[in-house]
Amino acid sequence: MIIAANLKTNFTRKETNSYIAELDTYVKNNAISQEVLVFPAMSSLDENNTSIVVGAQNAYPTKDGAFTGEIGTTHLDEFGIKTILIGHSERRHILGETQEALVEKFNYYKELGFKIVYCVGEPLEKREAGEAEMMEYISTQYEGIDTNYENLIIAYEPVWAIGTGLTPTLEDIASIHKELKKKSPAPLLYGGSVKVTNAKEVLAIENVDGILVGSAALYAEHFCSMIGFAEELC
Ligand code: 13P
(Lines give C-alpha, C1' and ligand atoms only; values in the text may rest on other atoms or scores of the structure.)
Protein backbone atom coordinates (compact mmCIF):
# COMPACT_ATOMS: atom_id res chain seq x y z
CA MET A 1 0.00 0.00 0.00
CA ILE A 2 0.96 3.63 -0.36
CA ILE A 3 0.63 5.93 2.62
CA ALA A 4 1.19 9.57 1.70
CA ALA A 5 1.30 12.78 3.73
CA ASN A 6 0.61 16.11 2.08
CA LEU A 7 2.03 18.65 4.54
CA LYS A 8 0.62 21.56 2.47
CA THR A 9 1.74 24.95 3.84
CA ASN A 10 2.87 23.60 7.20
CA PHE A 11 6.16 22.94 8.98
CA THR A 12 9.49 24.75 8.61
CA ARG A 13 12.44 22.87 7.15
CA LYS A 14 13.66 22.01 10.63
CA GLU A 15 10.25 20.70 11.66
CA THR A 16 9.91 18.77 8.41
CA ASN A 17 13.30 17.14 8.86
CA SER A 18 12.48 15.97 12.35
CA TYR A 19 9.05 14.78 11.14
CA ILE A 20 10.62 12.73 8.35
CA ALA A 21 13.23 11.37 10.76
CA GLU A 22 10.45 10.26 13.12
CA LEU A 23 8.64 8.44 10.31
CA ASP A 24 11.89 6.87 9.16
CA THR A 25 12.56 5.51 12.65
CA TYR A 26 9.03 4.08 12.83
CA VAL A 27 9.34 2.44 9.42
CA LYS A 28 12.71 0.89 10.27
CA ASN A 29 11.81 -0.21 13.80
CA ASN A 30 8.63 -1.88 12.61
CA ALA A 31 10.07 -3.37 9.41
CA ILE A 32 7.36 -1.62 7.38
CA SER A 33 7.18 -2.77 3.79
CA GLN A 34 4.57 -0.22 2.64
CA GLU A 35 5.57 2.78 0.56
CA VAL A 36 5.56 5.98 2.61
CA LEU A 37 5.53 9.32 0.77
CA VAL A 38 5.82 12.81 2.23
CA PHE A 39 5.19 16.05 0.38
CA PRO A 40 6.74 18.95 2.34
CA ALA A 41 6.27 22.65 1.66
CA MET A 42 8.56 23.90 -1.10
CA SER A 43 11.00 25.73 1.20
CA SER A 44 11.20 22.71 3.48
CA LEU A 45 12.67 20.42 0.82
CA ASP A 46 16.07 19.12 1.84
CA GLU A 47 18.47 16.26 1.36
CA ASN A 48 16.77 13.56 3.37
CA ASN A 49 18.75 10.39 3.64
CA THR A 50 15.73 8.30 4.48
CA SER A 51 13.56 5.33 3.61
CA ILE A 52 10.66 7.77 3.19
CA VAL A 53 10.01 8.98 -0.36
CA VAL A 54 10.02 12.77 -0.35
CA GLY A 55 8.15 14.51 -3.15
CA ALA A 56 7.33 18.04 -4.28
CA GLN A 57 3.83 19.45 -3.83
CA ASN A 58 4.36 21.39 -7.03
CA ALA A 59 6.95 22.43 -9.59
CA TYR A 60 6.73 24.18 -12.93
CA PRO A 61 7.35 22.18 -16.11
CA THR A 62 10.79 23.65 -16.61
CA LYS A 63 14.42 23.17 -15.70
CA ASP A 64 14.74 26.83 -14.71
CA GLY A 65 13.90 30.21 -16.23
CA ALA A 66 11.60 33.19 -15.68
CA PHE A 67 8.61 31.76 -13.77
CA THR A 68 8.36 33.93 -10.69
CA GLY A 69 7.32 32.03 -7.60
CA GLU A 70 7.87 28.62 -9.14
CA ILE A 71 10.64 26.05 -8.97
CA GLY A 72 11.92 23.72 -11.68
CA THR A 73 13.87 20.50 -11.96
CA THR A 74 17.16 22.25 -11.10
CA HIS A 75 15.72 22.82 -7.63
CA LEU A 76 14.31 19.32 -7.33
CA ASP A 77 17.57 17.77 -8.54
CA GLU A 78 19.43 19.59 -5.79
CA PHE A 79 17.65 17.32 -3.30
CA GLY A 80 17.31 14.25 -5.51
CA ILE A 81 13.54 14.62 -5.70
CA LYS A 82 11.87 12.43 -8.32
CA THR A 83 8.27 12.46 -7.06
CA ILE A 84 5.64 15.13 -7.64
CA LEU A 85 2.01 15.81 -6.74
CA ILE A 86 -0.01 17.10 -9.70
CA GLY A 87 -3.64 18.24 -9.89
CA HIS A 88 -4.36 18.70 -6.20
CA SER A 89 -7.72 20.39 -5.78
CA GLU A 90 -6.15 23.32 -3.94
CA ARG A 91 -4.01 23.99 -7.01
CA ARG A 92 -6.93 23.50 -9.36
CA HIS A 93 -9.41 25.61 -7.40
CA ILE A 94 -7.37 28.12 -5.37
CA LEU A 95 -4.39 28.59 -7.70
CA GLY A 96 -6.50 28.21 -10.84
CA GLU A 97 -4.47 25.52 -12.61
CA THR A 98 -6.35 24.38 -15.67
CA GLN A 99 -6.54 20.83 -17.00
CA GLU A 100 -4.45 22.02 -19.94
CA ALA A 101 -1.69 23.32 -17.64
CA LEU A 102 -1.81 20.14 -15.59
CA VAL A 103 -1.45 17.99 -18.69
CA GLU A 104 1.61 19.99 -19.72
CA LYS A 105 3.08 19.53 -16.25
CA PHE A 106 2.18 15.83 -16.24
CA ASN A 107 3.83 15.20 -19.60
CA TYR A 108 6.95 17.10 -18.64
CA TYR A 109 7.49 15.13 -15.43
CA LYS A 110 6.45 11.87 -17.07
CA GLU A 111 9.13 12.39 -19.70
CA LEU A 112 11.65 12.67 -16.86
CA GLY A 113 10.39 9.45 -15.29
CA PHE A 114 9.03 11.08 -12.12
CA LYS A 115 6.67 9.21 -9.84
CA ILE A 116 3.49 11.25 -10.25
CA VAL A 117 0.66 11.35 -7.72
CA TYR A 118 -2.19 12.76 -9.81
CA CYS A 119 -5.27 13.98 -7.94
CA VAL A 120 -8.87 13.93 -9.10
CA GLY A 121 -12.11 14.66 -7.28
CA GLU A 122 -15.42 16.47 -7.51
CA PRO A 123 -16.67 19.61 -5.74
CA LEU A 124 -19.86 19.41 -3.69
CA GLU A 125 -22.18 20.70 -6.42
CA LYS A 126 -21.05 17.90 -8.74
CA ARG A 127 -21.57 15.31 -6.03
CA GLU A 128 -25.06 16.69 -5.40
CA ALA A 129 -25.85 16.67 -9.12
CA GLY A 130 -25.93 12.88 -9.06
CA GLU A 131 -23.69 9.96 -9.90
CA ALA A 132 -23.67 10.41 -13.70
CA GLU A 133 -22.75 14.09 -13.64
CA MET A 134 -20.19 13.52 -10.92
CA MET A 135 -18.43 10.74 -12.84
CA GLU A 136 -18.56 12.82 -16.00
CA TYR A 137 -16.85 15.67 -14.14
CA ILE A 138 -14.14 13.38 -12.75
CA SER A 139 -13.61 11.96 -16.24
CA THR A 140 -12.66 15.41 -17.50
CA GLN A 141 -9.77 15.36 -15.03
CA TYR A 142 -8.39 12.28 -16.80
CA GLU A 143 -8.35 14.07 -20.16
CA GLY A 144 -4.87 14.25 -21.64
CA ILE A 145 -3.38 12.11 -18.86
CA ASP A 146 -1.51 8.92 -19.75
CA THR A 147 -3.40 6.62 -17.42
CA ASN A 148 -1.04 3.75 -18.24
CA TYR A 149 2.09 5.62 -17.19
CA GLU A 150 4.13 3.15 -15.16
CA ASN A 151 5.06 5.60 -12.39
CA LEU A 152 1.56 6.93 -11.95
CA ILE A 153 -0.40 6.89 -8.70
CA ILE A 154 -3.91 8.38 -8.71
CA ALA A 155 -5.48 9.95 -5.64
CA TYR A 156 -9.24 10.34 -5.49
CA GLU A 157 -9.95 13.29 -3.22
CA PRO A 158 -13.50 14.66 -3.16
CA VAL A 159 -13.02 18.43 -2.79
CA TRP A 160 -15.82 18.71 -0.23
CA ALA A 161 -14.09 16.14 1.99
CA ILE A 162 -10.74 17.92 2.13
CA GLY A 163 -10.06 19.54 5.48
CA THR A 164 -13.74 19.48 6.41
CA GLY A 165 -14.02 16.37 8.57
CA LEU A 166 -16.63 15.08 6.12
CA THR A 167 -16.03 11.86 4.25
CA PRO A 168 -18.05 9.85 1.78
CA THR A 169 -19.50 6.65 3.22
CA LEU A 170 -17.32 3.57 2.92
CA GLU A 171 -19.81 2.27 0.34
CA ASP A 172 -19.46 5.45 -1.70
CA ILE A 173 -15.67 5.25 -1.63
CA ALA A 174 -15.89 1.60 -2.69
CA SER A 175 -18.21 2.34 -5.59
CA ILE A 176 -16.26 5.36 -6.89
CA HIS A 177 -12.94 3.53 -6.61
CA LYS A 178 -14.43 0.61 -8.51
CA GLU A 179 -15.41 2.99 -11.33
CA LEU A 180 -12.07 4.83 -11.30
CA LYS A 181 -10.15 1.55 -11.42
CA LYS A 182 -11.68 1.02 -14.85
CA LYS A 183 -9.96 4.17 -16.07
CA SER A 184 -6.42 3.30 -15.03
CA PRO A 185 -4.44 0.35 -13.69
CA ALA A 186 -2.45 2.76 -11.47
CA PRO A 187 -2.63 2.40 -7.67
CA LEU A 188 -5.60 4.43 -6.42
CA LEU A 189 -5.41 6.31 -3.13
CA TYR A 190 -8.28 7.87 -1.21
CA GLY A 191 -7.82 11.32 0.35
CA GLY A 192 -10.10 13.71 2.24
CA SER A 193 -10.45 13.85 6.03
CA VAL A 194 -8.63 10.58 6.61
CA LYS A 195 -7.82 10.38 10.30
CA VAL A 196 -6.36 7.87 12.69
CA THR A 197 -9.95 7.00 13.64
CA ASN A 198 -11.15 6.09 10.12
CA ALA A 199 -7.93 5.15 8.29
CA LYS A 200 -8.17 1.45 9.03
CA GLU A 201 -11.64 1.05 7.57
CA VAL A 202 -10.79 3.20 4.54
CA LEU A 203 -7.65 1.17 3.86
CA ALA A 204 -9.67 -2.04 4.10
CA ILE A 205 -11.98 -1.04 1.22
CA GLU A 206 -11.53 -2.97 -2.00
CA ASN A 207 -9.72 -0.96 -4.69
CA VAL A 208 -8.24 1.42 -2.14
CA ASP A 209 -4.49 1.02 -2.55
CA GLY A 210 -3.54 3.61 0.03
CA ILE A 211 -4.34 7.02 1.47
CA LEU A 212 -3.29 10.63 0.94
CA VAL A 213 -3.55 12.43 4.26
CA GLY A 214 -3.48 16.17 4.96
CA SER A 215 -4.20 17.63 8.39
CA ALA A 216 -4.12 14.37 10.37
CA ALA A 217 -0.67 13.57 8.94
CA LEU A 218 0.75 16.61 10.75
CA TYR A 219 0.73 14.48 13.89
CA ALA A 220 3.63 12.11 13.24
CA GLU A 221 2.31 9.66 15.80
CA HIS A 222 -1.08 9.49 14.07
CA PHE A 223 0.48 9.15 10.66
CA CYS A 224 2.73 6.35 11.93
CA SER A 225 -0.36 4.54 13.26
CA MET A 226 -1.90 4.77 9.79
CA ILE A 227 1.26 3.28 8.29
CA GLY A 228 0.94 0.51 10.86
CA PHE A 229 -2.70 -0.16 9.86
CA ALA A 230 -1.66 -0.53 6.22
CA GLU A 231 1.09 -2.94 7.19
CA GLU A 232 -1.39 -5.03 9.20
CA LEU A 233 -3.79 -5.22 6.28
CA CYS A 234 -1.21 -6.44 3.78
P1 13P B 1 -7.23 16.51 4.73
O2 13P B 1 -6.70 15.16 5.13
O3 13P B 1 -6.80 17.61 5.64
O4 13P B 1 -8.69 16.47 4.46
O5 13P B 1 -6.52 16.84 3.31
C6 13P B 1 -6.52 15.88 2.33
C7 13P B 1 -5.66 16.34 1.24
O8 13P B 1 -5.91 17.34 0.59
C9 13P B 1 -4.45 15.56 0.93
O10 13P B 1 -3.87 15.94 -0.26
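Because only heavy atoms are used, hydrogens play no part in the values below, and waters and symmetry mates are left out as well, while side chains stay in. Whatever order the structure lists them in is the order used to number ligands and atoms, beginning at 1.
Annotation: atom 9 (C) of ligand 1 to nearest protein heavy atom, E157 OE2, 2.9 Å. When only non-hydrogen protein atoms are considered, atom 2 (O) of ligand 1 lies nearest to G214 N, 2.9 Å.
Atom numbering of ligand 1 starts at 1 in the shown order; those under 4.0 Å from a heavy atom of G163 are 1 (P), 3 (O), 4 (O). Atoms of ligand 1 found under 4.0 Å from any heavy atom of N6, numbered from 1 in the order shown, are 9 (C), 10 (O). Taking a cut-off of under 4.0 Å to the non-hydrogen atoms of K8, the atoms of ligand 1 that pass are 5 (O), 6 (C), 7 (C), 8 (O). Atoms of ligand 1 lying under 4.0 Å from at least one heavy atom of S193, given by number and element, are 1 (P), 2 (O), 4 (O). Atoms of ligand 1 found under 4.0 Å from any heavy atom of A161, numbered from 1 in the order shown, are 4 (O). Close contacts between ligand 1 and L212 involve ligand atoms 9 (C), 10 (O) [criterion: under 4.0 Å to a heavy atom].
Between Y19 and F223 the shortest side-chain heavy-atom distance falls below 4.5 Å. A heavy-atom distance below 4.5 Å is not found between the side chains of F114 and T83.
Using a 4.0 Å cut-off between charged nitrogen and carboxylate oxygen, E100 and K105 do not count as a salt-bridge pair. The pair D46-K14 does not count as a salt bridge, with every side-chain nitrogen at least 4.0 angstrom from each carboxylate oxygen.
In this structure, K126 is not positioned above the aromatic face of Y137 in the sense of NZ or CZ being under 6.0 Å from the six-membered ring centre and within 45° of the axis.
Residue-to-ligand polar distances place S215 within reach of ligand 1: an N/O pair is separated by less than 3.5 Å.
With hydrogens and angles disregarded, a donor-acceptor distance shorter than 3.5 Å links the side chain of R92 to the backbone of G87.
Proximity of G192 to ligand 1 is established by a heavy-atom distance of less than 4.0 Å.
Shown here for T164 and S193, the closest heavy-atom pair between the two residues is N-OG, 3.5 Å.
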